[in-house]
Amino acid sequence: MTSSTRNPLGVTLVDGGANVAVFSSTAERIEFCRFDDDGTEHRTELTKRTGYTFHDVVPDVTVGTRYGFRVHGAWDPANGLRHNAAKLLLDPYATAIDGDYRWGQELFGHDMNEPEQMDESDSADAMPRSVVADRSFDWQGDTRLETPLADTVVYEVHVKGFTKQHPDVPEEIRGTYAGLAHPAAIKHLTDLGITAVELLPIHQFVQDSTLVDKGLRNYWGYNSIGFFAPHNEYSASGTAGQQVAEFKEMVKALHAAGLEVILDVVYNHTAEGNHMGPTLSFKGLDNQSYYRLVEGDEANYFDTTGTGNSLNVSHPTALGLITDSLRYWVEEMHVDGFRFDLATTLTRQDGEAEKHSAFLDIIHQDPVLRDVKMIAEPWDTAGYQVGGFPADWSEWNGKYRDDLRSFWRGDEGTLGDAVQRVLGSPDVYEGSRRSPLCSVDFVTAHDGFTLADLTMYAEKHNEANGEDNNDGESNNTSFNGGIEGPTDDESVNDYRNRQRRNFLGTLLLSAGVPMILGGDEIARSQGGNNNAYCQDDEISWFDWAAADEDLLAFTTAAIAFRKQHVALRPEWYRTAPGLSPSTVSVLRADANDFEDGDWTDGGNRAVILVLEQGDDSVAVLMNASETTVEFTLPERADGRPWSLGLSSDPDQAVDGEATTLLVRDASFTALQ
């Protein structure tokens with residue numbers, strides 16, 4: 001029989017069974033628990049120990065074997081020890097997970113009435129199982145696409161919601177990885193022109209008991225428990241390991257269509273919550289190593305995520321878990337990049353966010369990870385760090401969202417900030433010699449109003465979430481045009497439609513990496529719900545029957561216009577070796593330079609941006625005022641007349657001989 005090794009962690013098939021390895025610096029004994037189809041449990045103690053890794057070769061383990069761990073050790077919550085062998089634990093390195101949770105006392109290591117006391121009820125019948133998945137797959141030459149950031153257009157989308165109601169996707173695969181890989185789904189994406197899908201969390205996550213008790217579900221998936229396992233509910237082919245191959249087939253199909261796959265990953269916390277949360281995996285394996293505990297009060301968790309716990313990235317085992325997971329998704333699942341939820345938490349080693357934290361340093365030097373797309377959500381509950389990540393990272397730019405919303409709403413004094421955002425936020429990035437491509441520009445995302453609702457509701461309407469409309473952001477910088485919700489008023493609808501085009505058009509004219517919220521291009525509404533994390537239903541799913549075909553056509557044209565003009569996709573606004581110089585002129589509506597007083601004039605809401613790179617030039621005329629503004633057209637260096645390229649005003653026309661142009665209230669026009 002093959003001899004046992006401590007690496008790799010998890011379950012690896014070998015001659016005679018499987019090498020099983022699991023880390024715990026505090027356990028006394030660990031048992032590998034294999035389950036037959038009828039639920040019969042077979043326990044095998046891991047007899048080898050190298051350092052803090054328990055390992056052994058376990059017989060009768062094959063593809064499809066369902067298993068878990070039982071960990072024997074001290075129960076001493078006051079000192080951060082929460083071992084309880086009555087609780088079946090998921091393998092942190094499992095590549096597939098089968099089954100779901102039956103919520104009750106059994107899932108909690110502590111007595112729910114006396115939290116300091118250990119609960120001895122067995123959790124096996126209430127727990128899902130880790131599964132040994134078949135990791136072989138014929139990729140047929142598939143590789144990462146490596147689309148340059150300058151050419152990237154990101155589409156944030158939910159695997160299930162995108163196809164759950166798609167009429168051209170077979171019903172049996174709607175809402176699954178296979179559904180997203182279906183030609184009808186891919187056709188929408190390729191016709192639109194986006195280059196990358198950014199998938200909301202697909203790591204195995206937990207349907208938390210608080211939502212289940214309300215008859216709701218965790219739709220977004222920011223409640224991870226399996227960092228190597230594709231979420232089993234999104235599999236049409238089965239959950240006993242089949243989800244791995246189905247996910248790979250999806251990636252291969254998207255790649256074949258020229259679409260990158262970026263994963264929204266949640267490494268900042270897990271579904272085990274705080275000291276009152278369940279014992280599902282890490283908490284029972286080695287609570288002190290995997291989680292940040294409050295110094296001097298180790299019964300409690302140091303939480304910068306707002307979820308009850310934070311992973312202990314200052315410990316090499318927790319940090320190794322994250323980097324091993326990232327490498328797995330790149331090397332074995334062929335994904336093209338990652339968006340890190342609450343990424344600032346991952347940079348906190350001693351409480352402060354650090355640009356040279358161990359996590360960021362490892363990513364920077366890792367030969368597998370350093371060349372994939374890395375996107376940070378640059379904040380957590382303890383601070384906002386936009387502009388604070390390394391030069392080879394991009395960041396969700398919340399300043400872009402906020403300032404563009406204010407500008408197009410017509411708020412006074414917002415012109416200067418809006419110009420900064422459209423030009424790639426040089427006030428954020430140039431001081432540290434970072435590129436405009438570090439800015440992931442967005443107006444809407446999964447968290448908040450959709451674009452349709454941003455222009456249709458002045459207030460949130462989250463009553464369906466069961467929290468008396470107290471959840472979700474109250475300050476949305478939205479404007480409904482004077483009527484709350486849907487209306488038949490033509491003038492209000494005209495305004496709303498123009499504003500939707502303003503937001504999407506400006507986004508695609510801006511320097512940086514644009515990100516479109518999936519469904520915005522068809523005016524998807526959530527009925528004013530700006531926190532639909534728990535709405536796994538028609539509130540969140542795409543309503544393809546109600547698609548706004550005119551807005552879809554405009555968005556498609558705007559993406560094509562962006563791709564046509566290199567001036568809209570600058571890597572730098574200054575001359576750099578090997579690059580054509582990119583320049584920008586910021587002009588008043590009369591085509592003269594701004595003076596100091598113009599920027600402090602709160603009523604000034606009109607601007608001309610002339611963007612040039614090489615022989616390519618684009619002039620963007622933006623008017624967020626309440627009246628039509630006459631713009632003087634700037635002269636081109638080559639003397640050629642301007643022609644109409646894109647406008648949020650469907651009635652806009654450009655006479656090639658004209659020297660002025662009228663731009664109506666709340667609209668933009670791009671000239672080429």
A.B. asks: Classify the angle between the aromatic ring planes of Tyr222 and His446 as parallel (below 30°), tilted (30 to 60°) or perpendicular (above 60°).
C.D. replies: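 Plane angle under 30°, so parallel.
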A.B. asks: Charged N to carboxylate O below 4.0 Å: is that the case for Arg498 and Asp649?
C.D. replies: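 No salt bridge links Arg498 with Asp649.
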A.B. asks: Keeping to residues at least two apart or across chains, list the salt bridge (Lys or Arg N to Asp or Glu O under 4.0 Å) pairs with something in residues 185-197.
C.D. replies: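 Pairs touching residues 185-197 that pass the test: Lys187-Asp191.
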A.B. asks: Mind telling me whether Tyr384 and Trp379 have parallel, tilted or perpendicular rings, with 30° and 60° as the class edges?
C.D. replies: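 Rings of Trp379 and Tyr384: tilted, 30 to 60°.
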A.B. asks: Begin from the C-alpha positions of Gln652 and Thr669 and carry the test side chain to side chain contact (heavy atoms under 4.5 Å, CB included) through to its verdict.
C.D. replies: CA-CA 8 Å; Gln652 182 70 71; Thr669 295; 3.3 Å; yes
A.B. asks: Ion pair present between Asp403 and Arg405, side-chain N to carboxylate O less than 4.0 angstrom?
C.D. replies: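 Answer for the salt bridge query: no.
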A.B. asks: So, Lys164 and Glu538, do they make that salt bridge, N to O below 4.0 Å?
C.D. replies: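 No, Lys164 and Glu538 are not salt-bridged.
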A.B. asks: Assess the residue pair Asp336 and Val372 against the criterion (side chain to side chain contact (heavy atoms under 4.5 Å, CB included)); give the C-alpha distance rounded to whole Å, side-chain angles, the decisive distance to 0.1 Å, and a yes or no.
C.D. replies: CA-CA 6 Å; Asp336 302 274; Val372 304; over 6 Å; no
A.B. asks: Mind checking salt bridge (Lys or Arg N to Asp or Glu O under 4.0 Å) for Asp151 and listing every partner two or more places apart, or none if nothing turns up?
C.D. replies: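 Listed in chain order: Arg569.
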A.B. asks: What is the distance from atom CG of Leu646 to atom CD of Gln672, rounded to the nearest 0.5 Å?
C.D. replies: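 Atom-to-atom, Leu646:CG and Gln672:CD are 9.0 Å apart.
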A.B. asks: Is the centre of the His158 ring less than 6.0 Å from the centre of the Phe162 ring?
C.D. replies: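 Ring centres of Phe162 and His158 not closer than 6.0 Å.
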A.B. asks: Between Lys460 and Asp471, is there a salt bridge with N-O shorter than 4.0 Å?
C.D. replies: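 Salt bridge between Asp471 and Lys460, a charged N being under 4.0 Å from a carboxylate O: no.
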A.B. asks: Does the pair Lys373/Glu260 count as a salt bridge with the N-to-O cut at 4.0 Å?
C.D. replies: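 Salt bridge: yes.
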A.B. asks: May I ask you to decide if the ring planes of Phe479 and Tyr495 are parallel, tilted or perpendicular, using 30° and 60° as cut-offs?
C.D. replies: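 Perpendicular.
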A.B. asks: Quick one: do Glu395 and Arg434 make a salt bridge, cutoff under 4.0 Å?
C.D. replies: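 Here Glu395 pairs with Arg434 in a salt bridge, since their nearest N and O are under 4.0 Å apart.
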A.B. asks: Does Tyr400 form a ring-ring contact (aromatic ring centres under 6.0 Å, His included) with Phe442? I'd like the steps, not just the answer.
C.D. replies: CA-CA 7 Å; Tyr400 185 98; Phe442 67 103; 7.7 Å; no
A.B. asks: Between Phe247 and Met333, is the side chain to side chain contact (heavy atoms under 4.5 Å, CB included) condition met? List the steps.
C.D. replies: CA-CA 8 Å; Phe247 183 91; Met333 308 297 265; 3.6 Å; yes
A.B. asks: Parallel, tilted or perpendicular: which describes the rings of Phe389 and Trp393, with under 30° parallel and over 60° perpendicular?
C.D. replies: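 Answer is tilted, since the angle falls between 30° and 60°.
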A.B. asks: May I ask you to decide whether Arg664 forms a salt bridge with Asp494, counting only side-chain N to carboxylate O separations under 4.0 Å?
C.D. replies: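 Salt bridge flag = yes for Asp494 with Arg664.
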A.B. asks: Please name all residues satisfying ring pair (Phe, Tyr, Trp, His ring centres under 6.0 Å) with Phe554, sequence neighbours left out, ordered by chain then number.
C.D. replies: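 With neighbours one apart ignored, the set is empty.
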A.B. asks: Can you tell me how far the CG atom of Leu509 sits from the CG atom of Leu568, to the nearest 0.5 Å?
C.D. replies: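 Between atom CG of Leu509 and atom CG of Leu568 there are 5.5 Å.
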